[in-house]
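Structure first, then comments.
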2 protein chains.
Amino acid sequence: MAKSNAPITEHLAYLLAQANREINRQLELRLSKEGVPVEQWRILKVLSDGDGHSMGELADAVLLNHPTLTKMIDRMVSDALVYRVQDPNDRRKVLMFISDRGKVLSKKLNSLAVDQEEHILESYGDKSTSELKRLLESLIDSSN
Amino acid sequence: MAKSNAPITEHLAYLLAQANREINRQLELRLSKEGVPVEQWRILKVLSDGDGHSMGELADAVLLNHPTLTKMIDRMVSDALVYRVQDPNDRRKVLMFISDRGKVLSKKLNSLAVDQEEHILESYGDKSTSELKRLLESLIDSSN
DNA sequence: TTGAAAATATTGAATATTCAACAATTGAAG
DNA sequence: CTTCAATTGTTGAATATTCAATATTTTCAA
C-alpha cells in the first residue's frame, strides 16, 4: 500500500515535474542563443518534414493547447518562419508549412538541441539515457 | 553521434515533457475533486511537516518561481490554508506554516494522490515504476 | 436533400505567470 | 562602526495562457 505520508520527492508525478523542469531549463538556455522558445523549436521540428500539418495535429504533437498554439503560430507567421494554407480537402482545417527561413533556423536549433542531448549522455551515461527513454515511452503508452 | 534529423519523439526533453504532461493531467483531474491545483497540493505536502519554511526554500521545493509562489500563497492565506510568520532570526525571511484547515485538506489530497500512484502501479507495473523513479532521481542528481 | 450534431480553428475576456524594479534586512570588508 | 554588496520577499507592468463562446465547414441520420 502506498503511504500517504511519503515525502513529495517520492511521488512519480513530482519526480517527472522536477526532471522535466531541469532538462527544459537547460534546453531553453541553449535555444535562447537564437532567441527562440522551446515550443517553437518543437513546432519547427515537426513541420520540417515538409508536409502540411493541421493545427489540431500540431497542437497534439507539440504539447500545446489549441488557443495557445494559434497565438504562437501568429507570432511565427509574423517572423516568416511558417505559413498557413487552407486544406483544400477539408476547409475547416488549416495546414501549416515551414518556410525556407524556418528551415534555416530549424537546422541551427536542432544542432543546439543535439548538443544538449550529447551533454546529457556524457554526464548521465549512455545506458541510463536509453533505459530512461524506453521507460518513459512505455509509461506514455500505458497512459492511453 | 546524435542525429539532428531524429524525430522529436526521440528526444529526452520531449519524452519528459510528454510524460509529465500526461501524469500531471491525471493528477489534476483527481485533485479537482477538491478544487485544488497541483501546486497547492505540493505546498501543503511540504508544509505538513509542521516546520516553518521560508518562501525561497518553498519555491525550490514546489518548483515555482518566487513571484508565482508569493501570489499563490496569497490565495492560500485568504483560504486560511497556510499562514505567514516573520522569521525572528532573520527578518528578511517569512516562514510559512500550514493551518489546521490546511492539514485537513492536505490529508484528503494525499489520498487522492496515492490513488493515482496506485493506478499507475497497476497499469504500468511495480518494477517499471520503481526503476523509472530511480532513473529520474539519478538524472536530477547528475544535473546539479 | 435537409437539418442537427460534430469537428476545426480562432477570438476576447479572465486569469496566471514572468520580468524588472523595489524595499527591507543582513553580511562583510575596510 | 560604517558603508556597500548580497539576500530575501513582494509589487506592478508586461506578457502568456486558458476558458468559454463563436464562426465555419463537414458529417450523417432522417
Side-chain angles (χ1 to χ4, degrees), chain A residues 17-18 20-22 24-29 31-32 35-43 46-47 51-79 81-97, chain B residues 17-18 20-22 24-29 31-32 35-43 46-47 51-79 81-97:
Chain A
Q18 195 182 3
N20 178 53
R21 186 180 160 89
E22 179 57 27
N24 204 58
R25 199 189 55 76
Q26 288 173 19
L27 181 56
E28 205 166 46
L29 196 66
L31 299 187
S32 71
V36 172
V38 174
E39 290 78 14
Q40 291 197 16
W41 167 63
R42 291 197 199 126
I43 292 170
V46 169
L47 294 187
D51 299 344
H53 293 261
S54 75
M55 291 296 280
E57 193 188 335
L58 200 50
D60 283 349
V62 304
L63 314 176
L64 286 178
N65 295 346
H66 288 219
T68 306
L69 178 64
T70 292
K71 285 155 192 173
M72 182 158 285
I73 289 288
D74 286 347
R75 278 169 252 156
M76 295 176 76
V77 169
S78 297
D79 295 342
L81 299 172
V82 299
Y83 57 95
R84 292 178 162 99
V85 174
Q86 192 174 59
D87 186 338
N89 297 117
D90 183 341
R91 289 181 350 217
R92 289 170 302 183
K93 293 187 185 175
V94 169
L95 297 181
M96 297 305 311
F97 290 91
Chain B
Q18 196 182 1
N20 178 52
R21 187 180 160 88
E22 179 57 27
N24 204 57
R25 199 188 55 75
Q26 289 173 20
L27 181 56
E28 206 166 44
L29 196 65
L31 298 187
S32 71
V36 172
V38 174
E39 290 77 13
Q40 290 197 15
W41 167 63
R42 290 196 200 128
I43 292 170
V46 169
L47 294 187
D51 299 344
H53 294 261
S54 76
M55 291 296 281
E57 193 189 335
L58 200 50
D60 283 350
V62 304
L63 315 176
L64 287 178
N65 296 346
H66 288 218
T68 306
L69 178 64
T70 292
K71 285 156 191 173
M72 183 157 286
I73 288 287
D74 286 347
R75 277 169 252 155
M76 295 175 77
V77 169
S78 297
D79 294 343
L81 298 172
V82 299
Y83 58 94
R84 292 176 162 100
V85 174
Q86 192 174 62
D87 186 337
N89 297 117
D90 183 342
R91 287 179 353 212
R92 288 170 303 183
K93 293 188 184 173
V94 170
L95 297 181
M96 297 304 314
F97 290 90

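A note on names: the letters A, B, ... follow the listed sequences, proteins ahead of strands, and every chain is numbered from 1.
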- Query: Can you find an N or O donor on one side and an acceptor on the other, under 3.5 Å apart, linking the side chain of A:Arg92 with the base of D:dT24?
  - Reply: no

Nearest-Å distance for atom pair [atom1]/[atom2], residues [X] and [N]:
X: B:Asp90; N: D:dG9; atom1: CG; atom2: P; result: 8 Å
X: B:Met55; N: D:dT7; atom1: CE; atom2: P; result: 19 Å
X: A:Gln86; N: D:dT24; atom1: CD; atom2: C1'; result: 9 Å
X: B:Asp74; N: D:dG12; atom1: CG; atom2: P; result: 11 Å

- salt bridge (Lys or Arg N to Asp or Glu O under 4.0 Å) partners for A:Arg21, two or more places apart: none

- Task: Not counting sequence neighbours, which residues clear salt bridge (Lys or Arg N to Asp or Glu O under 4.0 Å) with A:Arg91? List them please.
- Result: none

Non-hydrogen atoms of [X] and [Y] that approach each other most closely:
X: B:Arg84; Y: B:Asp74; result: NH2-OD1, 2.9 Å
X: A:Val38; Y: A:Leu31; result: CA-CD1, 3.8 Å
X: B:Asn89; Y: B:Asp87; result: N-OD1, 2.8 Å

- Item | B:Val82: partners by side-chain contact (heavy atoms from CB on, under 4.5 Å), with sequence neighbours left out | B:Leu44, B:Leu47, B:Ile73, B:Met76, B:Val77, B:Met96

- Of residues 60-71 of chain B, the positions that come close to DNA chain C - non-hydrogen atoms, cut-off under 4.0 Å: B:Asn65, B:Pro67, B:Thr68, B:Lys71

- Message: Please determine whether a side-chain nitrogen of the Lys or Arg among A:Arg25 and A:Glu28 lies less than 4.0 Å from a carboxylate oxygen of the Asp or Glu.
- Response: no

- Those residues at least two apart in sequence (or on a different chain) that pass side-chain hydrogen bond (donor to acceptor under 3.5 Å, both in side chains) with B:Asp90 are B:Arg92

- Between A:Asn89 and A:Met72, which has a closest nucleotide on DNA chain D that is more 5'? A:Met72

- Message: What is the first contacted nucleotide of DNA chain C and what is the last, in 5' to 3' order, if contact means an atom lying under 4.0 angstrom from a heavy atom of chain B?
- Response: C:dT17 to C:dT26

